[in-house]
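First comes the structure, then the notes that go with it.
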Amino acid sequence: MAGGRQYWLMKSEPDVFSIDDLARLPNRTTSWDGVRNYQARNFMRAMQPGDQVLFYHSNANPPSVVGIAEVVKTAYPDATQFNPQDPHYDPGSRPEQPRWDVVDVRFVHKFETPLSLDVLRGQPRLKGMELLRKGSRLSVQPVRATEWDQVTRLGRGRAH
DNA sequence: GCCAACGTTGGC
DNA sequence: GCCAACGTTGGC
């Protein structure tokens with residue numbers, strides 16, 4: 001499949017797993033487990049190494065895009081779905097045909113200033129962004145190139 | 001802690 | 001296949 005890199009946004013609760021946690025890991029890389037939504041899973045299955053990811057802190061104060069990560073490995077089965085001890089255990093998923101996947105994601109950069117929802121909502125160019133849609137709960141979502149450019153520019157602290 | 005917006009489940 | 005009930009997400 002040809003085509004350039006794609007852009008995504010992934011949500012995490014910083015109390016559970018923050019961008020600082022990611023930056024502290026060996027290789028600054030983690031497998032993004034626990035996704036239990038089919039739409040989000042399908043987006044992860046579409047991810048390719050090199051794809052760029054906005055790291056978003058949900059249930060945070062304030063909720064914010066806090067930095068950038070990148071995809072380093074395509075989707076493969078999420079081991080937590082088969083572990084009865086794990087909160088994300090899915091008794092309905094068969095090992096012969098796993099229901100849930102992870103991708104591997106590596107830390108790239110943390111913004112000097114987090115970009116809060118308020119700040120992002122103030123940007124006309126981000127009008128159609130999935131994250132800003134009322135009632136949007138998708139934990140993995142695509143980001144348009146124009147949105148990516150705008151958000152990362154803001155993250156560098158320019159163009160206010 | 002509240003609750004709106006969603007997604008899933010299961011009875012029918 | 002409909003839809004009510006239920007569980008979850010996530011901003012506020």
Side-chain angles (χ1 to χ4, degrees), chain A residues 6-25 30-47 51-71 74-105 107-144 146-148 150-155 157 160:
Chain A
Q6 305 215 128
Y7 303 108
W8 308 94
L9 180 146
M10 299 174 96
K11 298 180 180 176
S12 185
E13 302 189 26
D15 290 349
V16 178
F17 186 79
S18 72
I19 192 166
D20 292 326
D21 294 329
L22 178 61
R24 270 195 294 268
L25 288 177
T30 194
S31 61
W32 200 273
D33 61 18
V35 171
R36 295 294 181 269
N37 170 283
Y38 289 105
Q39 209 181 343
R41 181 205 65 184
N42 292 342
F43 285 133
M44 287 205 299
R45 288 183 173 174
M47 290 179 179
D51 283 4
Q52 302 292 110
V53 178
L54 294 174
F55 198 114
Y56 177 78
H57 280 171
S58 60
N59 274 315
N61 205 355
S64 312
V65 176
V66 291
I68 297 170
E70 75 178 329
V71 177
T74 53
Y76 59 98
D78 181 344
T80 65
Q81 72 195 305
F82 302 122
N83 178 4
Q85 274 16 285
D86 194 280
H88 298 292
Y89 176 55
D90 181 356
S93 180
R94 312 306 215 98
E96 316 86 69
Q97 200 176 1
R99 199 176 268 174
W100 307 112
D101 282 358
V102 298
V103 292
D104 286 357
V105 163
F107 175 87
V108 172
H109 174 76
K110 184 182 173 184
F111 294 154
E112 290 199 10
T113 314
L115 302 173
S116 69
L117 282 183
D118 273 358
V119 166
L120 297 177
R121 286 213 179 88
Q123 300 296 319
R125 304 180 110 110
L126 301 180
K127 203 87 192 297
M129 199 173 174
E130 169 67 21
L131 179 71
L132 304 181
R133 244 193 56 238
K134 184 183 159 125
S136 170
R137 302 190 315 178
L138 251 190
S139 63
V140 178
Q141 52 184 261
V143 170
R144 296 178 186 90
T146 51
E147 295 163 349
W148 176 270
Q150 180 67 5
V151 171
T152 54
R153 189 171 300 130
L154 290 171
H160 277 276

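Each chain gets a letter, A, B and so on, in the order the sequences are listed, and its residues count up from 1. Just so it is clear, the values below take in all heavy atoms, side chains as well, and ignore hydrogens, waters and symmetry mates.
- Checked against side-chain contact (heavy atoms from CB on, under 4.5 Å), Tyr76(A) has the following partners two or more places apart in sequence or in another chain: Ser31(A), Lys73(A), Val102(A), Asp104(A).
- Pairs engaging residues 51-64 of chain A under the side-chain hydrogen bond (donor to acceptor under 3.5 Å, both in side chains) rule: Trp8(A)-Asp51(A), Glu13(A)-Asn59(A) [sequence neighbours left out].
- A side-chain hydrogen bond (donor to acceptor under 3.5 Å, both in side chains) check over residues 134-143 of chain A, counting only residues at least two apart or in different chains, returns the pairs Glu130(A)-Ser136(A).
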All N/O contacts under 3.5 Å from nucleotides 8-12 of chain C to the protein, with atom names and distances to one decimal?
unit_1  : atom_1 : unit_2    : atom_2 : d
dT8(C)  : O2     : Arg137(A) : NH1    : 2.5
dG10(C) : OP1    : Lys11(A)  : NZ     : 3.1
dG10(C) : OP1    : Arg137(A) : O      : 2.8
dG11(C) : OP1    : Tyr56(A)  : OH     : 2.4
dG11(C) : OP2    : Asn59(A)  : N      : 3.0
dC12(C) : OP1    : Arg121(A) : NH1    : 3.4

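- Taking atom CD of Gln39(A) as the reference point, atom P of dG7(B) lies 7 Å away to the nearest angstrom.
- Residue-level contact check: Arg36(A) touches neither bases nor backbone, having no heavy atom under 4.0 Å from any strand.
- Partners of Phe107(A) by ring pair (Phe, Tyr, Trp, His ring centres under 6.0 Å), not counting sequence neighbours: none found.
- Counting only residues at least two apart or on different chains, the salt bridge (Lys or Arg N to Asp or Glu O under 4.0 Å) pairs with a member in residues 86-100 of chain A are Asp90(A)-Arg99(A), Arg94(A)-Glu96(A).
- Taking atom CG of Asn37(A) as the reference point, atom C1' of dC6(B) lies 9 Å away to the nearest angstrom.
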